[in-house]
Every structure is written in C-alpha cells, then in structure tokens.
There are 2 protein chains.
Amino acid sequence: MATRGQRTNRRADALSKQRIVDTAVEILDTEGESALTFRVLAARLETGSGAIYWHVADKGELLAAAADDVIARVLAVPVGDAEPAAAIRAVALGIFDAIDARPWVGTQLGQAPGQLAVLRIYERIGGRLEGLGVPEKALFFAASALVNYILGVAGQNAANARLAVPGGDRSAFLAAVAARWTEQDPADYPFAHRVAAQLADHDDREQFLAGIDLVLAGITTLG
Amino acid sequence: MATRGQRTNRRADALSKQRIVDTAVEILDTEGESALTFRVLAARLETGSGAIYWHVADKGELLAAAADDVIARVLAVPVGDAEPAAAIRAVALGIFDAIDARPWVGTQLGQAPGQLAVLRIYERIGGRLEGLGVPEKALFFAASALVNYILGVAGQNAANARLAVPGGDRSAFLAAVAARWTEQDPADYPFAHRVAAQLADHDDREQFLAGIDLVLAGITTLG
DNA sequence: ACCTGAACACCGTTCAAGT
DNA sequence: ACCTGAACACCGTTCAAGT
C-alpha cells in the first residue's frame, strides 16, 4: 500500500508485534501469500527468524493479526446514520473491496473463525439487524447468514485471485471458467450451460451486492 | 542378477489415479488434513513418492479430486420429485453433513472455486431455481447466493473442527467461543454480548438450515 | 527481557535410473 | 509406460547462546 522510502541499514525502532504485523502486511500485499515466510520477514526486519517468536506465537497468529488489522481499518470508517439496510450494504461492500484488493485477507477470513476479525464483522452487521425488525431470538442466526455469505464470497474470491494469472485480465479469466462449465455434457449439466453466459459476463461486486440484498430480503421476512 | 525379489507384499493392483485418491481420502478421514503427505501416501500405496506424480499433477489436484469424489457421492443420492425448495434444502443439508463428517472437504471447497465439486453444487442447486419462479436473468446470481452461503459455512465449520480439541465436546467449544465474545468491552461489542448466549446454545445444523431458508425466502421475492 | 542464527524435523517436487 | 527413491530446495519452529 503506502510506498516506503529508502531504508536505512539500522532499524528505526525495536521489534514489536505491531511492527512485525505491519511488515507482514506489506509483504503479503506486494508479493502475495506464498512470499510470507519467517525467513524473509526476519530479513526485512533485520533480525533473526527466532526473534519473531518472542512477539508472536506462530504463523497462524501472525496471519490472524494481519487480517484483523485490515478488517479493523475497514470497519473503522463510520457508516453514519444511514438506515439499517443501507448501513449493512455499506459494511459488506467495504469488506468486499478490501478482500478484492488483498486476496490474502479472504483466505484468512475463510478459514479462521475464532478470529477477532470475524467477531468485528458480526458486530457491525448484527448491530443493524434490530433496526430491520429482526426479533431478538433470530438475531444471531440472521447475522450468521449474512456473515457466512460474506465469508463464502471472500474465500472464493481469494481462491480465484490465486488461480488467475497476475497480469491477466478478468474477462479472460471468467471466460475460461465459463468454458470449463460448458465443456461438460449438457445432459448432465443443463443449468451450467444455461447460465454460462451470465457467469462470463457478471460483475463480481454487483453480484456480491445482489446476494446481500437477497439475504436482506429474506431477513425482512422475519419481522 | 541381483536377487531383489523379496517383494512379499505384492500390490493387489497397479497404481491408478482412483486408487491414489481413494487412499488419500482414507488418510484424510482417519488421520486428518495434516497427515496427508506424499511420503505417507506413497508408503501406504507401497510405492515411491515420485510414482504418484505420474498419475496426479500435484497436491492441489489430489485434494481437489478427493473433495470432488466425496461431493459427487453426496449429490448422487436422488432427491426425488420433491418441490424445489425442499429439494434445495435436502441438497444443502447433504453437503453440510458431508462436511461435518469430513472437515477437510470444507477446507477444500472453501478455497478452490474452479473445482468440479463447486460446479456440481451449482448444478444441483441451480437446477431447482426455475421451479421457484426465479426469472431467467436472475438464475446465476440467485444460485451464487446459495452456493456462496454454503461454501462460507463449509469453510467456517472446517476451521472450527481444526480448532476444536479432537475429543472435546461441542458445547464446551461453543462456550469457549462465546466467552471470547463476552470478554470484549460491552461498549464496543454490544451485539456480541447480546447474542453470546444464542451462540453458545445454537445447533449448527439447524442454524445452517435457517440460513438456507432465509436466502430462499429472499429468492422467492424475485418471482 | 529480548535477540541471534544455526540446527531440527519436516515438506512438495524433480529426475536420473531402473523395469 | 510406469515406477523407484535419493536429492533438491525449501518450510515453520526450537533453542543454546549471546546482550
């Protein structure tokens, strides 16, 4: 993200969890998930790889902290006093955009549930549900439907990003996926053939929002 | 001629992709995701680790094939001529149960979109949407809302299974998650505090189905 | 208390060599 | 064509030793 200037040979400050996480995010953002190893992280921090373990339990905690950092920042922007449905859409869209920009966050969210980041998302989404007329008893499962949908899209998008060629354009990628759908036997996969064109054409962000709206429409039904 | 003939345990049959995948599934099921390595797989198959690469491109393909095998089997059971909503619920529940029994399938589905298994799910779900009165133009995104929700739950459940202690009971695990929610500041996380009890009490399967019903209710809105 | 970096116990994958 | 298994190029993590 933020381009850093020339790096002196001396560490600016002592090692800390925050500095480690910041550097990890930087590597993740610029070089991708597979580039983050304790060796390159240590080199970038000008320390030994073992030093990192003084501040962070293991790689899982590091990844969780990195994802949480990003999500916390995204959710920090105030939604104002928009009406509940609009606020939920805005929050969801913010998460989508963050994941779209950083696929590694999607990977992380898709597979770490106890995580603080997921709790943050539940809080921001769930907090608006009452305003939507959701009865007290249904609050948790209504929130869970929205959150699981968001996390599902997050995981799929991250995987897509991992699959796509770094430079390649998106419509070519979608065309390739659509082609795999249509190369199946139409007798076994009639639906796949029927919607392949829609798959090839669709806009991810728009489709994501449409899904949110669908769940919201269902939730309104609960009132 | 060096008498090297003490191959007492002669293999029952030649190596094949199917036999490799079957053995991988066996290891995944009994020993878990982390136990599947090319070394133990080769040992179990009484061959060299390099031999596997003659039949399978890499570990990613192996995992994808294993997950696809399971999903194909799950989707093979006929739903009969139930009405569309009931059929979709049945299909979704079948997938949920399969993932609950084999968390590694959830991990795999949550992060491999181009996969045949995901296409199969789209087909089975999507094929019933028309009967629900979904207009042609909305078929793909309606299916995608359902599938992404399912895959989101799949990923979270798999991650939960990875986190939980193998022998530990489920209510203790949920209580621990709920405790992490309530240990946050109530001023920052009012929703978390409010629904922590629901989180601790809920039944995963029931909650999953409730989410499906919510999306279905939203989809009915499109008619 | 915090850091160093070699060492340990693994991985997935390749490939010359065999049949 | 198919299989073998040693070798390669990595990993995350530990830990005795330093400051």
Side-chain angles (χ1 to χ4, degrees), chain A residues 7-28 31-67 104 107-108 111-112 159 162-163, chain B residues 1-28 31-67 104 107-108 111-112 159 162-163:
Chain A
R7 176 186 285 284
T8 65
N9 276 344
R10 240 182 103 82
R11 275 208 308 272
D13 29 32
L15 216 48
S16 68
K17 181 165 177 180
Q18 191 55 56
R19 215 162 73 83
I20 291 170
V21 170
D22 288 347
T23 309
V25 168
E26 206 179 296
I27 294 169
L28 255 3
E31 263 116 310
E33 296 179 55
S34 63
L36 182 68
T37 69
F38 277 73
R39 264 161 258 254
V40 331
L41 186 55
R44 198 89 116 220
L45 289 163
E46 286 168 43
T47 185
S49 59
I52 297 168
Y53 285 90
W54 187 264
H55 301 275
V56 150
D58 54 24
K59 198 173 182 183
E61 187 190 311
L62 177 60
L63 252 9
W104 61 269
T107 307
Q108 191 52 27
Q111 57 190 221
R162 228 177 296 129
L163 243 71
Chain B
M1 169 186 281
T3 50
R4 144 162 201 78
Q6 61 153 32
R7 173 107 71 102
T8 48
N9 289 20
R10 196 167 231 298
R11 279 201 309 272
D13 27 34
L15 216 48
S16 69
K17 182 165 177 182
Q18 191 54 56
R19 215 162 74 85
I20 292 170
V21 170
D22 288 347
T23 309
V25 168
E26 205 179 296
I27 295 169
L28 256 3
E31 263 115 310
E33 296 179 56
S34 63
L36 182 68
T37 70
F38 276 73
R39 264 162 259 253
V40 330
L41 187 54
R44 200 87 116 219
L45 290 163
E46 286 169 44
T47 183
S49 59
I52 297 168
Y53 284 90
W54 186 264
H55 301 275
V56 150
D58 54 24
K59 198 174 181 181
E61 188 191 311
L62 177 60
L63 252 9
W104 60 270
T107 307
Q108 191 51 26
Q111 56 190 226
R162 230 177 293 129
L163 243 71

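- The list of ring pair (Phe, Tyr, Trp, His ring centres under 6.0 Å) pairs with a residue in residues 35-65 of chain A, not counting sequence neighbours, reads A:F38-A:Y53.
- At a threshold of 4.5 Å between non-hydrogen side-chain atoms, the residues A:L62 and A:D58 do not count as touching.
- Atom pair B:L45:CG and D:dG5:C1' shows a separation of 15 Å (rounding to whole Å applied).
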Between the protein and nucleotides 10-14 of chain D, are there any N/O to N/O pairs under 3.5 Å, and if so, what are the atom names and distances?
{"unit_1": "D:dG12", "atom_1": "OP1", "unit_2": "A:K59", "atom_2": "NZ", "d": "2.7"}
{"unit_1": "D:dG12", "atom_1": "OP2", "unit_2": "A:F38", "atom_2": "N", "d": "3.1"}
{"unit_1": "D:dG12", "atom_1": "N7", "unit_2": "A:R39", "atom_2": "NH2", "d": "2.6"}
{"unit_1": "D:dG12", "atom_1": "O6", "unit_2": "A:R39", "atom_2": "NH2", "d": "2.8"}
{"unit_1": "D:dT13", "atom_1": "OP2", "unit_2": "A:Y53", "atom_2": "OH", "d": "2.9"}
{"unit_1": "D:dT13", "atom_1": "OP2", "unit_2": "A:K59", "atom_2": "N", "d": "3.0"}
{"unit_1": "D:dT13", "atom_1": "O5'", "unit_2": "A:Y53", "atom_2": "OH", "d": "3.1"}

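- Side-chain contact between B:V25 and B:W104 is present, with heavy atoms from C-beta onward closer than 4.5 Å.
- Not counting sequence neighbours, the partners of B:D22 by the side chain to side chain donor-acceptor pair (under 3.5 Å) test are B:Q18.
- Across B:A159 and A:Q111, no two heavy atoms sit closer than the pair CB-O, 3.1 Å.
- Note: CD1 (A:I20) to C1' (C:dC3) measures 11 Å, nearest angstrom.
- Rounding to whole angstrom units, NZ of residue B:K17 and C1' of D:dC2 are separated by 17 Å.
- By the side-chain contact (heavy atoms from CB on, under 4.5 Å) test, B:A35 pairs with B:I27, B:E31, sequence neighbours left out.
- By the side chain to side chain donor-acceptor pair (under 3.5 Å) test, A:E61 pairs with A:K17, sequence neighbours left out.
- Within the structure, every side-chain polar atom (N or O) of B:W54 is placed at least 4.0 Å from both OP1 and OP2 of D:dC3.
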Represent DNA chain C in dot-bracket notation, 5' to 3'. Only Watson-Crick or G-U wobble pairs with both distances under 3.5 Å count; pseudoknot-style crossings use [ ] and interstrand partners use |. ||.|||||...|||||.||
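- Atom pair A:L41:CG and C:dC3:P shows a separation of 13 Å (rounding to whole Å applied).
- For B:R19 (side chain) and B:A14 (main-chain N/O), a donor-acceptor pair under 3.5 Å exists by modelled atom type.
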